[in-house]
There are 2 protein chains.
Amino acid sequence: MQLSNTSKYAIRILSYMARQEHEYVHKSNELAQSLDISYKFLTKIMTELVKGEFILSIRGREGGFQLNHPASSITILDILKHFQELTDFHTCILGNGACNPHKKCILHDKWASPRQEIKNMFATTTIDIVNSGDFKL
Amino acid sequence: MQLSNTSKYAIRILSYMARQEHEYVHKSNELAQSLDISYKFLTKIMTELVKGEFILSIRGREGGFQLNHPASSITILDILKHFQELTDFHTCILGNGACNPHKKCILHDKWASPRQEIKNMFATTTIDIVNSGDFKL
DNA sequence: TTTAAATTCTACCAAAAAGTAGTAATTAAA
DNA sequence: TTTAATTACTACTTTTTGGTAGAATTTAAA
């Protein structure tokens, strides 16, 4: 019952970026330091975020990364989806794909409501939330 | 956002055992076949379940395993606790231990309610539930 | 045009989780 | 007392995830 480190970092990175004006160009170095993530691992994730079209990269000297969409339009669910973090929202929490209304695992019905609540929470929370309070990223 | 295979198997094994009368002696062979878990991996988990005092082992010929407590008293939460599956119930979903009311991660408050609902569900669901419907284990 | 500061790519290494193999120990039945 | 059926133990292999290294590429500034 945990998110992968990669997903957690991705959420923290994008949220951090959302704190600056949209046009601000973020450098990997700055992000790695501010978020206390290893530079090498961070750049790997940045590449992935570019592929997922969450951010734009500007290569070369004075380059960096920018958010590709308004922060208020990027949900946590979008991020988790891209990092394939949602298997138990499709399969079931115990079932391995084989869980359906005819072949229910014992947690099938019990899990339905919490699952929906989590999904709603992820779907309605955008990285912009970082600007609505005093958060530690 | 997934349980480990080990935890899933543990839940399935104990639920399966809960379907027989309490005194029934379950053999690894039978369990592995019925639950479609590799015999070797299953015995590894059985050893862990003995250590966790969920089951009793009877060694030697005609040996096997028995539930150590009434099925109606073994909750999913008990099982998950033993397999250390609950870190994000103590830490936070984004925070790495460092998440507290003074240093909140952006999901700190959003996560609180779903987390509680999941925990309640796990705490109030016992392996005995398997006898209250037609489930596939 | 050269150089420095940045991203990108390819490949590797480390740690944890999942799973397997083989043998030792135990015990009831034959 | 021997044997067969069972759990327990130790050690290994495989797969996935997390993380690192180093060189290639890009581009603006000097």
Side-chain angles (χ1 to χ4, degrees), chain A residues 1-13 17 24-68 80 82-88 94 96-97, chain B residues 1-13 17 24-68 79-80 82-88 94 96:
Chain A
M1 290 299 293
Q2 279 247 282
L3 296 177
S4 69
N5 272 353
T6 304
S7 299
K8 290 187 196 173
Y9 286 158
I11 294 170
R12 293 177 57 217
I13 291 165
M17 292 178 73
Y24 187 91
V25 176
H26 299 263
K27 299 183 205 309
S28 293
N29 219 326
E30 162 216 335
L31 292 168
Q33 283 201 343
S34 305
L35 293 167
D36 198 30
I37 303 174
S38 118
Y39 173 79
K40 279 294 187 178
F41 195 30
L42 178 124
T43 57
K44 197 177 195 171
I45 296 170
M46 296 311 277
T47 303
E48 198 50 42
L49 290 173
V50 171
K51 285 183 187 154
E53 300 185 339
F54 293 100
I55 58 182
L56 294 173
S57 79
I58 299 162
R59 300 190 64 175
R61 185 166 179 159
E62 305 293 294
F65 302 94
Q66 287 179 319
L67 286 183
N68 194 16
L80 296 181
H82 187 257
F83 289 97
Q84 260 123 35
E85 199 70 73
L86 298 172
T87 34
D88 49 340
L94 280 190
N96 293 305
Chain B
M1 288 301 291
Q2 278 248 282
L3 297 177
S4 69
N5 272 353
T6 304
S7 301
K8 289 186 195 173
Y9 286 160
I11 294 170
R12 291 176 60 217
I13 292 165
M17 292 177 73
Y24 187 91
V25 176
H26 299 262
K27 299 182 203 313
S28 293
N29 219 326
E30 162 215 335
L31 293 168
Q33 283 201 344
S34 304
L35 293 165
D36 198 31
I37 303 175
S38 116
Y39 173 80
K40 280 294 188 180
F41 195 32
L42 178 124
T43 57
K44 198 177 195 173
I45 296 171
M46 296 312 275
T47 303
E48 198 51 43
L49 290 174
V50 171
K51 284 183 188 153
E53 300 185 337
F54 292 100
I55 58 182
L56 293 173
S57 78
I58 300 163
R59 300 190 62 173
R61 185 164 177 161
E62 304 293 294
F65 302 94
Q66 287 179 320
L67 284 183
N68 195 17
I79 303 169
L80 296 181
H82 186 258
F83 289 95
Q84 261 123 36
E85 199 71 72
L86 298 172
T87 33
D88 49 339
L94 279 190
N96 293 307

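Note that the structure is a prediction, hence the values are computed from the model and not measured. Just so it is clear: chains get the letters A, B, ... in the order the sequence lines come, proteins before strands, and each one is counted from 1.
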Among A:Asn29, A:Asp36, A:Ile13, which residue satisfies the side-chain contact (heavy atoms from CB on, under 4.5 Å) criterion with A:Leu42?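 Of the listed residues A:Asn29, A:Asp36, A:Ile13, the side-chain contact (heavy atoms from CB on, under 4.5 Å) partner of A:Leu42 is A:Ile13.
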
Give B:Tyr39 one of three labels, base, sugar-phosphate or nothing, depending on what nucleic acid heavy atoms sit under 4.0 Å from its own.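 Base: the residue B:Tyr39, judged by heavy atoms under 4.0 Å, touches a nucleobase.
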
Does C:dA18 have its OP1 or OP2 closer than 4.0 Å to a side-chain nitrogen or oxygen of B:Thr6?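 For C:dA18, OP1/OP2 do have a side-chain N/O of B:Thr6 under 4.0 Å.
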
Distance test, side-chain N/O of B:Ser57 to OP1/OP2 of D:dA8, below 4.0 Å: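 For B:Ser57, the contact criterion (side-chain N or O under 4.0 Å from OP1 or OP2 of D:dA8) is met.
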
Could you tell me whether the side chain of [Y] reaches within less than 4.5 Å of the side chain of [X], counting heavy atoms only?
X       : Y       : value
A:Gln2  : B:Gln2  : no
A:His82 : A:Phe54 : yes
B:Lys8  : B:Ser4  : no

Sub-3.5 Å donor-acceptor pair from the side chain of [X] to the main-chain atoms of [Y], do we have one?
X       : Y       : value
B:Glu85 : A:Met1  : yes
B:Thr43 : B:Lys40 : yes
A:Ser7  : A:Leu3  : no

Does CD in A:Glu53 sit with more than 12 non-hydrogen atoms of other residues, nucleotides or ligands closer than 6.0 Å?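 No, CD of A:Glu53 has 12 or fewer neighbouring heavy atoms, counting only those of other groups under 6.0 Å.
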
To the nearest 0.5 Å, tell me how far A:Ile37 CD1 sits from A:Arg12 CZ.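 If we round to the nearest 0.5 Å, A:Ile37:CD1 and A:Arg12:CZ are 5.0 Å apart.
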
Separation of B:Leu49 CG from B:Thr6 OG1 (nearest 0.5 Å):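 That separation rounds to 10.0 Å.
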
What about A:Lys44: does its side chain form a donor-acceptor pair under 3.5 Å with the base of D:dG19?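 Side chain to base: pair present.
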
Between the two ends of the helix from C:dT1-D:dA30 to C:dA30-D:dT1, what is the bend in degrees, rounded to 10 degrees, where each end axis spans five pairs?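 Computed angle between terminal axes is 20°.
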
From C-beta outward on [X], which listed nucleotide comes closest to its side chain: [options]?
X       : options              : result
A:Phe41 : D:dG19, C:dT7, D:dA8 : D:dG19
A:Asn5  : D:dG19, C:dT8, D:dT7 : D:dG19
A:Thr47 : C:dT8, C:dA18, C:dA6 : C:dT8

In whole angstroms, how far is the [atom2] atom of [N] from the [atom1] atom of [X]?
X       : N      : atom1 : atom2 : answer
A:Gln2  : C:dA17 : CD    : C1'   : 14 Å
A:Leu42 : D:dG18 : CG    : C1'   : 14 Å
A:Glu48 : D:dT17 : CD    : P     : 13 Å
A:Asp36 : D:dG18 : CG    : P     : 17 Å
A:Ile55 : C:dT8  : CD1   : P     : 8 Å
B:Gln84 : C:dA16 : CD    : C1'   : 13 Å
A:Met46 : C:dT8  : CE    : C1'   : 13 Å
A:Glu30 : C:dA6  : CD    : C1'   : 13 Å

Both B:Ser38 and A:Thr43 contact DNA chain C. Which one's nearest nucleotide lies toward the 5' end?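 The residue closer to the strand's 5' end, by nearest nucleotide, is A:Thr43.
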
Its contact letters, B for base, S for sugar-phosphate only and - for none at protein heavy atoms under 4.0 Å, make nucleotides 22-30 of chain C read B--BBBBS-

Judged by each residue's nearest nucleotide on DNA chain D, which is more toward the 5′ side, B:His26 or A:Tyr9?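 Its nucleotide being nearer the 5' end, the pick is B:His26.
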
